[in-house]
Amino acid sequence: MELFRPINSYYDFENIKMVPEGDLITRNLSDMDWMYQDQEAVQELLKEDPQIYRYYNVDIPEEEGHLQHCISIINPGKVGNEYNMTKGHFHEIKGTAEIYYTIQGEGMLFMQSVTDGEPEFEALEMKKGTLSYVPPYWAHRTINTGEEPLAFIGIYPGEAGHVYGEIEAKGFMKLLIEKDGEPTIIDNPNYK
Ligand SMILES: O=P(O)(O)OC[C@H]1O[C@](O)(CO)[C@@H](O)[C@@H]1O
Ligand SMILES: [Fe+2]
């Protein structure tokens with residue numbers, strides 16, 4: 001058996017990045033433009049196509065026994081009145097969990113369960129120091145409600161994998177919008 005060697009990664013708070021970068025994945029508005037409600041705002045913003053979020057994946061084998069881990073950064077901002085957010089996903093192996101540890105900024109973690117019947121919804125607050133548990137069988141999306149980048153560490157089983165199809169097609173049951181200056185959870189009128 002070939003041993004995988006221990007490795008360190010660092011979060012550079014000043015430059016808001018992981019060092020070394022590992023596998024850097026960036027998502028701009030054009031990668032998820034249909035996921036926002038206000039399509040007029042989307043069209044306007046697409047002229048610049050801002051980066052919504054990025055994540056730095058440490059290069060770990062996608063195998064049972066390993067722990068995938070990454071640092072994700074969601075830029076502050078809104079599309080219309082909806083806050084910047086990740087696409088959201090289920091794990092390919094749905095019975096795998098994930099831990100998020102917030103290291104900077106503030107936001108919310110939206111979760112939606114996979115069930116035989118009606119899916120259920122949960123939301124947790126994220127702020128510096130929050131350790132959040134995403135149990136098995138919950139899709140997850142993170143949202144930046146603050147003025148600064150929202151940065152968090154994600155740790156999940158090596159074999160978990162990601163599946164986007166269902167969330168891409170159906171969306172989440174709830175949306176997080178700014179209303180009277182406050183983050184407010186509302187029903188998603190377009191949830192299918
Ligand atoms: O996969 P999405 O929905 O684009 O969001 C990325 C998030 O999911 C993770 O892949 C972890 O599950 C993180 O790297 C990141 O925070
Ligand atoms: Fe995940």
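Just so you know, ligand 1 is whichever comes first in the structure, and atom 1 is the first atom listed for that ligand. Atoms considered below: every heavy atom in the structure, side chains included; atoms not considered: hydrogens, waters and symmetry mates.
Remark: minimum distance from atom 3 (O) of ligand 1 to any protein heavy atom is reached at Gly88 N, 2.7 Å. Closest to atom 15 (C) of ligand 1, if we only count protein heavy atoms, is Ser72 OG, 3.0 Å. Given atom 1 (O) of ligand 1, the protein heavy atom at minimum distance is Tyr164 OH, 2.5 Å. The single protein non-hydrogen atom nearest to atom 11 (C) of ligand 1 is Glu98 OE2, 2.9 Å, given as residue, atom name and distance. Among protein heavy atoms, atom 6 (C) of ligand 1 sits closest to Tyr55 CE2, 3.4 Å. Ranking protein heavy atoms by distance to atom 8 (O) of ligand 1, first place goes to His89 CE1, 2.9 Å. For atom 4 (O) of ligand 1, the closest heavy atom belonging to the protein is Tyr53 OH, 2.4 Å. With hydrogens left out, the protein atom closest to atom 10 (O) of ligand 1 is His162 NE2, 2.9 Å, a heavy atom.
A salt bridge does not link Glu82 with Lys78: every distance from a Lys NZ or Arg NE/NH1/NH2 to an Asp or Glu carboxylate oxygen is 4.0 Å or more. Contact check on Glu44 versus Lys47 returns a salt bridge, with a Lys/Arg side-chain nitrogen under 4.0 Å from an Asp/Glu carboxylate oxygen.
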For this session: For ring pair (Phe, Tyr, Trp, His ring centres under 6.0 Å), just list the numbers for Tyr191 and Phe172, CA-CA rounded to whole Å, side-chain angles, deciding distance to a tenth of an Å, and then say yes or no.
Result: CA-CA 6 Å; Tyr191 179 67; Phe172 271 72; 8.6 Å; no

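For the pair Arg141 and Tyr164, the cation-pi test (distance below 6.0 Å, angle within 45°) is failed. Within the cation-pi definition used here (under 6.0 Å to the ring centroid, within 45° of the axis), Lys17 does not qualify as a partner of Tyr56.
Of the listed options Thr86, Ile153, Ile155, Thr86 places a heavy atom closest to atom 5 (O) of ligand 1. Between atom 13 (C) of ligand 1 and the options Gly161, Cys70, Ala151, Gly154, the minimum heavy-atom separation is to Cys70.
With ligand atoms numbered from 1 in the order given, ligand 1 contributes 3 (O) to contacts under 4.0 Å with heavy atoms of Lys87.
Below 3.5 Å of separation, one finds no N or O of Phe152 facing any N or O of ligand 1.
In this structure, Thr86 OG1 and Tyr53 OH are separated by 5.0 Å, a value rounded to the nearest 0.5 Å.
Residue contacts with ligand 1, taken as heavy atom pairs separated by less than 4.0 Å, involve Arg27 solely via side-chain atoms from C-beta onward. By the criterion of a heavy-atom distance under 4.0 Å, neither the backbone nor the side chain of Arg141 is placed next to ligand 1.
Here the rule is ring-ring contact (aromatic ring centres under 6.0 Å, His included) with Tyr156, and of His89, His162, His66 only His162 fits it.
Between the Fe ion (ligand 2) and the N, O or S atoms of Glu98, the shortest distance is to OE1.
Of the N and O atoms on the side chains of Glu98 and His140, at least one donor lies less than 3.5 Å from an acceptor on the other residue. Side chain to side chain, Gln68 and Asn57 fail the donor-acceptor criterion of an N or O pair below 3.5 Å. Side-chain contact, Asp12 with Asn15: a donor N or O sits under 3.5 Å from an acceptor N or O.
The Fe ion (ligand 2) has no N, O or S atom of His162 under 2.8 Å away, backbone or side chain.
Here the angle centred on the Fe ion (ligand 2), running from NE2 of His91 over to NE2 of His89, is 110°, rounded to 10°.
Between the side chain of His91 and the main chain of Ala160, no donor-acceptor pair closer than 3.5 Å is present.
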